Amino acid sequence: MRFRRVGTHDPDALELPREVQPIQFAKHSPLKRLNLLLDIIKQHRPKILHDYVTRLQKRYDDLTKIDLVKAKSIDVSELIVEFDHLKEFPILAERNLSYYLEMLQPSDSSDWRSETIEVTQRNQLRAVLCPKYLNIKVLTETMDRREAIELYKTYHDEFMRHGRSSSEDRYETLNDFSARWDHEDDDSNRGLIRIISDVEDGKLYLRKDTCLWADAIEDLDDQELKYYVCCYGDFESARLANKHFVLTMERTIIEGHPYCDSVFHDTRINQDLSHPSDDFFARMEPE
């Protein structure tokens, strides 16, 4: 089996500039995510909803040093007009937005409320991942931890499927799926190193040697919850790429392993979903 290496090593990748429109992105990520999570809680565990909102709101407050929502007179009601559950808890929406902006750290010298601005890749990632981590962290403190994780998984699957047709296959074959990594722009993906196999017998092997997501939130202490925030979505992403694709993954950087070991299986060709040993991935080397 042949392997190829893709990606560019860059120890300063997290300090690279990234463009973002802070308020528009807030609507499409942290606010939208929180609204759906409240919906899932309301459906499955309605009795804990108010307790969860109270706890989460306090945690946002405790971790936000500067309330940019108040400082910049941002009208949050305009941002949540489509989010029925956040409209029920507008103060929570304000605290969520303030915490997100705290992580993003937009410059005070630009009109970031309406313009696209530059932030570091570290801050861009933290603005996405830290609110997600806090949402699940507080959920585990509000109800049984294992039940909270299952509820979070239900929410996460629904978020990823939202707006996408379950019958839509973005990639016809694993070769098509694999080729996307060969055409990524090196500048926009600096710091990401992958070892990728040829497709054989309906299987594609992928070893991720770096993870900028893990690096961006290394200060967060709960490895299991970081896994669900950063890695759990990979399984649904495989299914969304093609309904016949199944991902298996047993070891991840976020959990302390030197690399992530992934196998993408095309079940039309091979229904054996057995996962190779750690030694197999350790010996994956490009020609």
Side-chain angles (χ1 to χ4, degrees), residues 22-64 69 74 76-104 124-164 166 213 216-217 220-237 239-240 254:
I23 299 303
Q24 287 302 313
F25 186 79
K27 290 175 61 177
H28 295 299
S29 186
L31 291 171
K32 182 178 180 179
R33 290 177 184 275
L34 182 55
N35 185 73
L36 179 58
L37 180 57
L38 295 179
D39 181 34
I40 295 298
I41 294 172
K42 200 169 189 177
Q43 290 182 45
H44 296 273
R45 292 296 299 270
K47 291 183 179 180
I48 73 160
L49 181 61
H50 284 270
D51 186 20
Y52 175 71
V53 168
T54 300
R55 290 170 181 260
L56 185 58
Q57 187 171 300
K58 183 179 186 305
R59 191 66 62 85
Y60 285 148
D61 281 342
D62 292 342
L63 295 173
T64 304
V69 172
I74 300 172
V76 178
S77 65
E78 294 181 356
L79 302 179
I80 62 174
V81 66
E82 300 175 4
F83 301 144
D84 290 343
H85 302 287
L86 285 180
K87 284 194 293 186
E88 186 179 348
F89 302 104
I91 296 178
L92 178 66
E94 290 183 10
R95 301 299 188 266
N96 173 271
L97 182 60
S98 292
Y99 179 63
Y100 153 79
L101 292 171
E102 177 96 4
M103 296 299 99
L104 192 64
Q124 180 195 39
L125 290 173
R126 288 182 64 82
V128 175
L129 300 174
C130 289
K132 290 174 63 178
Y133 174 86
L134 201 59
N135 291 349
I136 186 175
K137 178 73 169 176
V138 173
L139 192 60
T140 64
E141 296 167 353
T142 308
M143 59 187 293
D144 175 81
R145 182 181 176 93
R146 303 282 18 123
E147 292 181 5
I149 288 174
E150 289 303 312
L151 195 61
Y152 184 85
K153 288 162 65 176
T154 298
Y155 140 77
H156 203 292
D157 289 346
E158 182 62 25
F159 182 85
M160 295 193 67
R161 287 193 295 263
H162 183 71
R164 299 190 190 182
S166 61
W213 290 25
I217 58 170
L220 303 180
D221 59 2
D222 195 316
Q223 286 188 334
E224 182 183 28
L225 298 187
K226 288 199 292 186
Y227 167 85
Y228 285 105
V229 166
C230 295
C231 311
Y232 175 71
D234 291 352
F235 297 95
E236 185 63 21
S237 291
R239 288 189 289 268
L240 290 171
I254 206 81

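The structure presented is a predicted model; accordingly, all values stated were derived computationally and were not measured.
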Can you check whether Ile149 reaches Leu225 side chain to side chain, under 4.5 Å on heavy atoms?
yes
Around atom CG of Leu63, are there more than 12 heavy atoms of other residues, nucleotides or ligands at under 6.0 Å?
yes
Carboxylate-amine/guanidinium contact Asp84 Lys42, below 4.0 Å:
no
Quick check: does any side chain N or O of Lys132 sit under 3.5 Å from a backbone N or O of Val229, one acting as donor and the other as acceptor?
yes
Does the pair Asp157/Lys153 count as a salt bridge with the N-to-O cut at 4.0 Å?
no
Report yes or no: does Lys87 contribute a side-chain atom to a donor-acceptor pair with the main-chain N or O of Val81 at less than 3.5 Å?
yes
Between the side chains of Gln43 and Asp39, is a donor N or O closer than 3.5 angstrom to an acceptor N or O?
yes
Can you tell me if Tyr227 and Asp222 form a side-chain donor-acceptor pair at under 3.5 Å?
no
Applying ring pair (Phe, Tyr, Trp, His ring centres under 6.0 Å), can you list everything that pairs with Phe83, at least two apart in sequence or on another chain?
none
Counting only heavy atoms not in Glu141 (residues, nucleotides, ligands), do more than 12 fall under 6.0 Å from its CD?
yes
Is Lys58 atom NZ crowded by more than 12 heavy atoms from other residues, nucleotides or ligands, each under 6.0 Å away?
no
Lys/Arg-Asp/Glu bridge criterion (N-O < 4.0 Å) met for Arg146, Glu224:
yes
Sub-4.5 Å side-chain heavy-atom contact between Tyr100 and Pro22:
yes
Ignoring hydrogens and geometry, is there a side-chain-to-backbone donor-acceptor pair from Asn135 to Pro131 under 3.5 Å?
yes
